[in-house]
Amino acid sequence: MFLFSEKVDLFMDKLTLLYSRQAIAERVRALAEAINSDYADKELVLVGILRGTFVFLADLIRLIKVPVTVDFIGVSSYGLGTESSQQIALTKDVQIPVTGKHVLVVEDILDTGLTVDFVLRSLRQRQPASLRVCALIDKKERRLIDVPVDYVGFDLKSGFVAGYGIDCAERYRSLPDIYLVESVER
Ligand code: IMP
Ligand code: MG
């Protein structure tokens with residue numbers, strides 16, 4: 001298998017290593033330290049946006065030292081391609097009541113901002129005690145709508161990425177590192 005080399009070619013895409021598992025682990029640790037210090041005397045509800053956050057959230061939560069619960073929210077924003085869809089719909093709501101709770105929304109990639117904006121508006125209606133955002137990757141130059149982001153793992157100017165739970169047309173979620181994905185002509 002070529003999965004762990006610097007360049008891998010699967011499914012006719014060219015994958016180039018962008019963030020190694022070591023670099024990711026270092027950033028996740030730094031995010032957890034900031035979160036632990038900011039929520040030192042509080043209880044935290046982590047709300048992961050499905051499905052791209054499941055690996056990131058699993059790593060992050062194991063470094064959280066304050067009392068923490070976890071839930072997931074589902075939104076449909078991308079189809080099977082790489083173009084952002086402007087249509088966002090709730091596909092799965094949180095089950096934990098968030099009213100009066102300190103809620104931290106966990107997102108894999110902040111791109112146009114439409115997804116997180118939608119999630120924040122939905123959660124804000126339930127009047128949490130506080131509502132913040134943690135994104136593993138922030139593509140802030142691509143923002144179409146301003147969203148507050150409190151914790152960022154990596155800033156990315158351009159490119160489409162996959163791996164570490166993040167998909168490209170549902171593929172590559174199982175890769176332990178994060179790659180830049182380019183489609184290759186057949
Ligand atoms: P936004 O609504 O445009 O901010 O899009 C956010 C969603 O698009 C994220 O939850 C990701 O799932 C997806 N997305 C944005 N950029 C990428 C990428 O480079 N790779 C994979 N998914 C992405
Ligand atoms: Mg997503």
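This is a predicted model, so every value here is computed, not measured.
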Report, one line per pair, each donor and acceptor closer than 3.5 Å where one atom sits in a side chain of residues 98-105; sequence neighbours left out.
from   : atom 1 : to     : atom 2 : distance (Å)
Thr99  : OG1    : Arg126 : O      : 2.8
Lys101 : NZ     : Pro97  : O      : 3.2
His102 : ND1    : Ser130 : OG     : 2.7

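- Minimum heavy-atom separation, Pro148 to Leu120: CD-CD1, 3.9 Å.
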Next on the checklist: Pair Phe54, Arg173 - check side-chain contact (heavy atoms from CB on, under 4.5 Å), show working.
Outcome noted: CA-CA 10 Å; Phe54 76 103; Arg173 291 192 198 272; 4.0 Å; yes
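- With hydrogens and angles disregarded, no donor-acceptor distance shorter than 3.5 Å links the side chain of Arg27 to the backbone of Ala23.
- Nearest heavy atoms, Arg143 versus Asp138: NH2-OD1, 2.8 Å.
- The closest donor-acceptor contact from the side chain of Thr91 to the backbone of Gly74 lies under 3.5 Å.
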Checklist entry - Does the side-chain contact (heavy atoms from CB on, under 4.5 Å) test come out yes or no for Arg29 and Leu63, once each step is laid out? => result CA-CA 7 Å; Arg29 188 167 301 280; Leu63 298 169; 3.8 Å; yes
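- Counting heavy atoms from C-beta outward, Asp38 and Tyr151 have side chains that approach closer than 4.5 Å.
- The pair Arg51-Glu170 counts as a salt bridge, with a side-chain nitrogen and a carboxylate oxygen less than 4.0 angstrom apart.
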Next on the checklist: Quick one, Leu50 with Thr53, criterion side-chain contact (heavy atoms from CB on, under 4.5 Å). Give me CA distance, side-chain angles, the key distance, then yes/no.
Outcome noted: CA-CA 6 Å; Leu50 291 171; Thr53 55; 5.5 Å; no
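- The shortest distance between side-chain heavy atoms of Ile178 and Leu136 falls below 4.5 Å.
- Here the OG1 atom belonging to Thr112 is positioned 5.0 Å from the CG atom belonging to Leu144, to the nearest 0.5 angstrom.
- Contact record, Val152 with Phe154: CG1-O, 3.5 Å, taken as the closest heavy-atom pair.
- Remark: Tyr164 OH to Ile137 CD1 distance equals 10.0 Å, nearest 0.5 Å.
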Next on the checklist: One pair to check against side-chain contact (heavy atoms from CB on, under 4.5 Å): Ile61 and Val70. What are the steps and the verdict?
Outcome noted: CA-CA 8 Å; Ile61 198 167; Val70 64; 3.8 Å; yes
Next on the checklist: Run Asp117 and Arg124 through salt bridge (Lys or Arg N to Asp or Glu O under 4.0 Å) and show every step you take.
Outcome noted: CA-CA 10 Å; Asp117 177 68; Arg124 206 174 281 130; 5.8 Å; no
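- No side-chain donor-acceptor contact under 3.5 Å links Asp13 to the backbone of Cys168.
- Val106 is not listed as a side-chain neighbour of Val47, based on a closest heavy-atom distance of 4.5 Å or more.
- The line from CD1 of Ile64 to CZ of Arg62 is 12.0 Å long, rounded to the nearest 0.5 Å.
- In summary, the aromatic rings of Tyr172 and Tyr179 are positioned with their centroids too far apart to meet the 6.0 Å limit.
- No donor-acceptor pair under 3.5 Å is formed between the side chain of Ser122 and the backbone N or O of Phe118.
- Between Asp167 and Arg171 no salt bridge is recorded (no basic side-chain N to carboxylate O distance below 4.0 Å).
- Listed here is the closest heavy atom pair of Leu60 and Cys134: CD2-SG, 4.4 Å.
- Closest non-hydrogen pair, Gly159 versus Leu180, comes out as CA-CD2, 3.8 Å.
- For the atom pair CG of Leu110 and NZ of Lys139, the computed distance is 10.5 Å after rounding to the nearest 0.5 Å.
- Between the CG atom of Leu156 and the OG atom of Ser158 there is a distance of 6.5 Å, given to the nearest 0.5 Å.
- In this structure, CG on Leu46 lies 13.0 Å from CZ on Arg132, to the nearest 0.5 angstrom.
- When every heavy atom of Ile166 is checked against every heavy atom of Gly52, the shortest pair comes out as CG1-O, 4.0 Å.
- Between Asp59 and Arg21, no side-chain nitrogen of the basic residue sits less than 4.0 Å from a carboxylate oxygen of the acidic one, so the salt-bridge criterion is not met.
- When the side chain to side chain donor-acceptor pair (under 3.5 Å) test is applied to Lys140, the partners found at least two apart in sequence or on another chain are Asp155.
- Inter-residue side-chain proximity for Val68 and Tyr39 is flagged as unmet; no heavy-atom pair is nearer than 4.5 Å.
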